[in-house]
Amino acid sequence: METEIIRIEQGREGFTEAEEEALLRAGRIIKEGGLVAFPTETVYGLGGDALNPGSSRKIYAAKGRPSDNPLIVHICRFKDIYAIARRVPEAAVKLAEAFWPGPLTMILPRSERVPLETTGGLDTVAVRLPSHPVARKLIECGGGYVAAPSANLSGKPSPTLAKYVIEDMEGRVEAIVDGGEVGIGLESTIVDLTVEPPQILRPGYVTKEKLERLLGQVDTDDPSMSPEGGGAPRAPGMKYRHYAPRGSLMVVEGTPERVAAYVNRQAAFQRAAGEKTGVIATEEMHGQYGADVIKYIGSRDDEESIARNLFAALREFDDENVTIIYSESFSSEGLGQAIMNRLLKAAGHQVIQV
Ligand code: TXA
Ligand code: MG
């Protein structure tokens, strides 16, 4: 299949006439059962009509994703939540007022209108109202209910730039909307409101602390955070190996001096054995590492920068054929919880304390 690439430059300050036209065309593709990848404020999504079972089947096929892994339904107006959720609890209204449009997904009881193909056979549905203007316009033009997983091939890091969507999805979807770099860089927080107390199934930009300020006690679904948690994670997607670069990734924990000493010793040894080595580092450590490829993803205190740059760094190691990667460890407070969740999954929970 020929994939049309649609470039949107003006997205944040309104659209030109040509851009409006292109987004209308992209919306029509979705309405007619095709797939369009598009930017959101978190990561790029791979969109199809959430109410069309055939579209959801196509999404699974394009990603190479197991079909028991449910999709998030994206809407562009709050009131549309009532069409896809059987019941909308008070807590959902409160969260929407505080965090929508934005990087928060809520799990609610599914209405009959949403096919089981979209929810992976579950009787619940995931709903999100994104803030990215391109996403909102496309959802509107696409009929109002757009199922969209992250626009990567299953198992790869979620795309934060259109070039990675093109790499994974060209030839597999009708169109890709290039709206530049995303703002946040990690997928939305998922909170399950069908249980009491509400439960975080995937940490993200909207932190536990922020949710608790509104809702009181909020739990976290543990198995998705650690390999030893026991039991199956309640977000089916969290059980799959994820975000992984092709090279082997290890997180190194300890004081900055010890981490640098360990990484440098190991990297020298691995290079001598013919490996290509890489490091994920904070700005504070500039010049401290000896390895083939070093990615500085932000200052240690600037969690937003670390979140935004992490997935791209993992992809770049693949582009540069790095075979062994070491990463510094980050604080797991606030947004750090989401950062460490993704990093540990990417590393297959290989952590070494030095
Ligand atoms: O930021 C995001 O959420 C991005 C952008 C594109 O919006 N989307 C995204 O979708 O990350 P995806 O499909 O890559 O991840 C969705 C996660 C999966 O782990 C899935 O198992 C979980 O949400 N999920 C979806 N529906 C669910 C449900 N009804 N119950 C529990 N988990 C659900
Ligand atoms: Mg994903």
Side-chain angles (χ1 to χ4, degrees), residues 35-48 50 56 59-60 62-76 84-86 99-111 114-132 134-136 138-139 146-160 164-165 168-169 177 179 182-195 198-206 221 223-224 232-244 307 311 338 341-342 345-346:
L35 303 185
V36 178
F38 61 98
T40 81
E41 69 278 18
T42 56
V43 297
Y44 273 78
L46 173 59
S56 293
I59 291 175
Y60 291 118
K63 275 182 69 87
R65 172 173 179 155
S67 58
D68 68 341
N69 189 357
L71 306 172
I72 296 174
V73 180
H74 295 68
I75 56 178
C76 59
I84 53 176
R86 201 163 62 234
F99 302 114
W100 277 3
L104 178 73
T105 296
M106 303 185 213
I107 308 290
L108 298 170
R110 174 184 68 97
S111 98
V114 184
L116 288 167
E117 281 79 358
T118 299
T119 65
L122 297 177
D123 202 32
T124 53
V125 61
V127 191
R128 172 158 118 80
L129 201 169
S131 64
H132 197 296
V134 174
R136 297 180 67 180
L138 181 67
I139 295 163
V146 173
S150 48
N152 51 285
L153 287 174
S154 192
K156 291 236 242 161
S158 299
T160 52
Y164 295 127
V165 182
D168 283 12
M169 291 298 156
V177 181
V182 300
I184 294 175
L186 300 178
E187 307 85 347
S188 61
T189 304
I190 302 179
V191 61
D192 186 350
L193 298 178
T194 67
V195 292
Q199 211 175 41
I200 296 174
L201 307 188
R202 180 174 72 184
Y205 190 81
V206 177
D221 184 35
S224 49
R234 300 195 48 245
M238 301 303 277
K239 73 180 178 236
Y240 299 106
R241 184 171 147 89
H242 242 155
Y243 316 117
F311 285 157
N341 169 269
R342 305 310 192 275
K345 279 178 150 296

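Counting convention: from 1, in listed order, for ligands and their atoms alike. One-based numbering along the sequence shown. In what follows, every heavy atom counts, from backbone to side chain, and hydrogens, waters and symmetry copies are set aside.
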If I apply the N/O under 3.5 Å rule, does [X] come out as touching ligand 1?
X: E187; result: no
X: T40; result: no
X: K63; result: no

Show me which atoms of ligand 1 lie under 4.0 Å from any heavy atom of [X].
X: I72; result: 3 (O), 8 (N), 9 (C), 10 (O), 16 (C)
X: R65; result: 12 (P), 13 (O), 14 (O), 18 (C)
X: S150; result: 8 (N), 9 (C), 10 (O), 12 (P), 14 (O)
X: N69; result: 18 (C), 20 (C), 21 (O)
X: L122; result: 28 (C), 29 (N), 30 (N)
X: A148; result: 6 (C), 8 (N), 10 (O)

*Is it true that atom OH of Y205 has more than 12 heavy atoms of other residues, nucleotides or ligands lying nearer than 6.0 Å?*
no
*Flag the pair I107 / I190 as yes when at least one side-chain heavy-atom distance between them is below 4.5 Å, and no otherwise.*
yes
For ligand 1, indicate whether the residue [X] contacts it via side chain, backbone, both or neither (heavy-atom separation under 4.0 Å).
X: S188; answer: both
X: R128; answer: side chain
X: T124; answer: both
X: L201; answer: side chain
X: T119; answer: neither

*Do we see a donor-acceptor contact under 3.5 Å between the side chains of T118 and S56?*
yes
*May I ask you to check whether E187 and T42 show a side-chain donor-acceptor distance below 3.5 Å?*
no
*Is the side chain of R65 donor-acceptor paired with the backbone N or O of P70 at a distance under 3.5 Å, no angle test?*
yes
*Does E41 reach the main-chain N or O of G183 with its side chain, forming a donor-acceptor pair under 3.5 Å?*
no
*For the Mg ion (ligand 2), decide whether S158 has an N, O or S atom at a distance under 2.8 Å.*
no
*Calculate, to the nearest 0.5 Å, the distance between atoms OH and CG belonging to Y60 and L71 respectively.*
3.5 Å
*Rounded to the nearest 0.5 Å, how far apart are CE of M106 and OG1 of T189?*
11.0 Å
*Under the side-chain hydrogen bond (donor to acceptor under 3.5 Å, both in side chains) rule, what do R202 and S188 come out as? Steps first, then yes or no, please.*
CA-CA 8 Å; R202 180 174 72 184; S188 61; 3.2 Å; yes
